[in-house]
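Accompanying notes for the structure given below.
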Number of protein chains: 2
Amino acid sequence: MNLKTLSEKLGLSQTTVSRALNGYPEVSTATRLRVEEAARQYNYRPNSRAKGLATGRSMVIGQIIPTSIQHEMVNPVFGDFVSGATQALAGHGYDMMISRVLDEDEGKVYRELHARGAVDGVILQGPLVEDPRIPLLREIGLPFIVHGRSTGEAGPYNWVDVNNRRSFQRATRFLLDLGHRRIGLLNGHETMDFARRRRAGYTEALAGAGIAPDPALMASDEMTESFGFARTRDMLALAAPPTAILASSMLAAIGVRRAIQEAGLRMGRDVSVITHDDDLSYLKNGEDVPIFTATRSSVRRAGIILAEKLVALIANPAAAPVTHMLEAELVVGRSTGPVPVKG
Amino acid sequence: MNLKTLSEKLGLSQTTVSRALNGYPEVSTATRLRVEEAARQYNYRPNSRAKGLATGRSMVIGQIIPTSIQHEMVNPVFGDFVSGATQALAGHGYDMMISRVLDEDEGKVYRELHARGAVDGVILQGPLVEDPRIPLLREIGLPFIVHGRSTGEAGPYNWVDVNNRRSFQRATRFLLDLGHRRIGLLNGHETMDFARRRRAGYTEALAGAGIAPDPALMASDEMTESFGFARTRDMLALAAPPTAILASSMLAAIGVRRAIQEAGLRMGRDVSVITHDDDLSYLKNGEDVPIFTATRSSVRRAGIILAEKLVALIANPAAAPVTHMLEAELVVGRSTGPVPVKG
DNA sequence: ATTCCAAGTCAAAGCGCTTTGAAACCCGAG
DNA sequence: CTCGGGTTTCAAAGCGCTTTGACTTGGAAT
């Protein structure tokens, strides 16, 4: 069913039918009702491509899958983020399109998406320190919003980010207050902007307590279970092992827990652990009492917020740059406790 | 840059330029080269919507996010699957579009996607036993392929699935061969078709050893870490606890491991564990030697295969139904061992 | 020279929608 | 009656592409 046949059935012109369906005022209530009823009856939906061609907008938001550094590690956070974003977009009549490319081609893909008119805007994931994609997108003139920030980017751009620096500062202070002095940091790849900020928060808190960061207690890599396990095992084998560990993700923290247990120690008593928790729907931090003390910020909610902002941005391109800082909450679970007394 | 201005710059008609770019034979090699060069120079890309409108195809594949039973639990497998699928689709010039809806509306969304001409085909995730979406899609006439199968569906349909029955049968036999007699099963929701088949494989293997399945050793729910933990804890507290446990996902298995350790037991010695492993990029089963003995099948690879098949299907709608069975491999890790001797 | 044919090129129609500018209608005021 | 003005409807152009059917060529065959 298309506009033409629908309007023929109604004995009206395409103009009138189109207007009736799109809520224009120059249509009498009687005809509007009649048209709407017919549209429902024949299950008519305007063809997306034709509509897009006529209006010049695609009503699609693009998102490039973060295939990160070296290995194509698909971010576990992706599913929840997309779920939130698509939900929000749907409310505004937008669809979400996923692309995936080798890292080198990413610029080419943005260019192409724009040249083809395939998307009205994009969400940029996993920003690096001095991320080249930001100037690129600006140059292309494709509306975009960044999930995170990029240190070293001079110009204005739209972003929504968690206050990673502050949340890791708070977490570190929390451990310091419990008497911990040797605190390990298992961070994400430090080419990623968020990881850089988390480390800053960590070292700032340490500095506040007069503690110099110890390189032997700091590791950074992809935040897998194995990474959490291996680095924790190494740290616990040190002459002066840490009494607490700060992990950058639940998955890494699970590895940390495994290493602690395999060393014959108990988490929360012998070694305290705090992790960042993206509040993933499929990886809950315990049922009632959280397993891990954690800095928590829902990535799903971030997806919703980013989508809303981007839609608003597209509607009003002249608007001032949009920025939005999310504060993570510090939830206390069973993985932290006072520093164990010696001997 | 659009076709019109490009052809004007070249002093050719739109017809010729279009044909040159699309590889039609009625264009001399000289002009073709000239056109291609100019297209590159001006970074020309045909507008997706205009092209789609003219050809009647959208070159987009749809995929509905599996918001499952009750809670909107986003499948952890989603990221890897989509990553594989989009990669394969890109190779054929297709894009992937994600939609997400409340469960009740799912039929409506498929109808709408089709009516709007937004997609040329869809991938159906997480099929249930007697899944109503299959007859619905058939009725709508939208090309589709199912990731999994649906017991009780009489008519033919296209699917790619792991041989879940056989892989759980093999895993169970493996445990039986090690002398285990009380084997727990932590299954997914048994409205899901895959879970039903896994249980069938499990009970068949038990039956082959003359063992009646014990309801106290079988649980099914969403496959979270907490689920794995709680049910394992319960089972280990039984008068006759299991000596081995079969888990339906890595995440659940991680919960199983935690429960085993908290009970003061050792995995692989006191309690054996086998899990299904989707080979997720961010949740590797150990580095060199697998942590868990597992039935392994890459969901990323499944994504690639499904995408390829769907594209072929759209190209040739008259083709016979496509089905493809993937066999999981049984990889032996450190989580299994002979049944512990009593006393 | 003329005819014919293949190779190369083109103008124009059409895909399904929105939107502009014009026309038709209706009703009360003059 | 006629006119004016708001209300309602319409025909047609345009969005950027593909594709049909026709029109030029240049050269080989007659």
Side-chain angles (χ1 to χ4, degrees), chain A residues 1-36 38-39 42-60 93-95 112-120 315, chain B residues 1-36 38-39 42-60 93-95 112-120 315:
Chain A
M1 175 64 54
N2 60 17
L3 228 209
K4 186 163 171 224
T5 63
L6 179 65
S7 56
E8 281 166 0
K9 289 213 190 273
L10 281 162
L12 288 171
S13 74
Q14 298 188 35
T15 311
T16 306
V17 176
S18 170
R19 289 200 157 141
L21 257 21
N22 288 310
Y24 282 77
E26 345 32 2
V27 177
S28 70
T29 316
T31 25
R32 164 158 297 132
L33 258 38
R34 204 159 65 88
V35 169
E36 283 172 351
Y42 295 110
N43 196 35
Y44 167 77
R45 293 278 183 296
N47 180 291
S48 306
R49 283 164 270 136
K51 187 164 189 162
L53 188 55
T55 57
R57 342 216 289 104
S58 65
M59 298 308 280
V60 174
Y94 277 86
D95 287 315
E112 186 182 315
L113 281 177
H114 188 233
R116 281 166 50 204
V119 301
D120 291 341
Chain B
M1 176 64 55
N2 60 18
L3 228 209
K4 186 163 171 224
T5 62
L6 180 64
S7 55
E8 278 165 2
K9 289 213 191 273
L10 281 162
L12 288 170
S13 73
Q14 298 189 34
T15 311
T16 306
V17 175
S18 170
R19 288 199 158 140
L21 257 21
N22 288 311
Y24 282 77
E26 321 73 332
V27 177
S28 70
T29 316
T31 25
R32 164 159 295 132
L33 257 38
R34 203 159 67 87
V35 170
E36 283 172 350
Y42 294 109
N43 196 34
Y44 167 76
R45 292 278 184 296
N47 180 291
S48 306
R49 284 164 270 136
K51 187 164 188 161
L53 188 54
T55 57
R57 338 208 301 99
S58 65
M59 297 309 279
V60 173
Y94 277 86
D95 287 314
E112 187 183 315
L113 281 178
H114 188 234
R116 281 166 50 204
V119 300
D120 290 341

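Note that the structure is a prediction, hence the values are computed from the model and not measured. To find a chain, count down the sequence lines: A is the first, B the second, and so on, and within it residues start at 1.
Using a 4.5 Å cut-off on side-chain heavy atoms (C-beta onward), A:Y42 and A:T5 make no contact. A:V35 has its side chain out of reach of A:T16: every pair of non-hydrogen atoms, C-beta onward, lies at least 4.5 Å apart. Side-chain atoms of A:K9 and A:M1, non-hydrogen and from C-beta on, do get closer than 4.5 Å to each other.
Between B:Y24 and D:dT19 there is a side-chain polar atom (N or O) within less than 4.0 angstrom of OP1 or OP2. Residue A:N2 places at least one side-chain N or O closer than 4.0 Å to OP1 or OP2 of C:dG16. For B:N22 and D:dT18, the shortest distance from a side-chain N or O to OP1 or OP2 is below 4.0 Å. Contact between the side-chain N/O atoms of A:K51 and the OP1/OP2 oxygens of C:dT18 is found at a separation under 4.0 Å. The side chain of B:T15 places no N or O atom within less than 4.0 Å of a non-bridging phosphate oxygen (OP1 or OP2) of C:dC10. For A:T55, no side-chain nitrogen or oxygen approaches OP1 or OP2 of C:dC17 to under 4.0 Å.
Atoms CG (B:L10) and P (C:dT9) sit 11 Å apart, rounded to a whole Å. Rounded to whole Å, atom C1' of C:dT18 lies 10 Å from atom CG of A:L53. If you measure from atom CG of A:L21 to atom C1' of C:dT19, you get 15 Å, rounded to the nearest angstrom. Rounding to whole angstrom units, CD of residue B:E8 and P of D:dG16 are separated by 12 Å. Atoms CZ (A:R34) and C1' (D:dT8) sit 13 Å apart, rounded to a whole Å. Straight-line distance from the CZ atom of A:R45 to the P atom of C:dC17: 12 Å, rounded to whole Å. Put simply, CG on A:L3 is 14 Å from C1' on D:dC10, counting in whole angstrom units. Whole-Å rounding puts the A:R49 CZ to C:dT18 C1' distance at 17 Å.
Of the candidates D:dC10, D:dG16, C:dC17, the closest approach to any side-chain atom of A:L12 belongs to D:dC10. The nucleotide whose nearest atom lies closest to any side-chain atom of B:T31 is, among D:dG16, C:dT9, C:dT18, C:dT9. Among D:dG16, D:dT8, C:dC17, the nucleotide with an atom closest to any side-chain atom of A:E26 is D:dT8. Among the nucleotides C:dC15, D:dT9, C:dT18, the one closest to any side-chain atom of A:S28 is D:dT9.
Along DNA chain C, the nucleotide nearest B:S13 and the nucleotide nearest A:Q14 are compared for position; the residue whose nucleotide lies closer to the 5' end is B:S13. Where B:Y44 and B:R19 meet DNA chain D, the nucleotide closest to each residue was compared, and B:Y44 sits on the side nearer the 5' end.
Annotation for A:Y44 and A:L21: closest pair CE2-CD2, 3.7 Å, computed over non-hydrogen atoms. Taking each heavy atom of A:S58 and B:R49 in turn, the nearest pair found is CB-NE, 3.7 Å.
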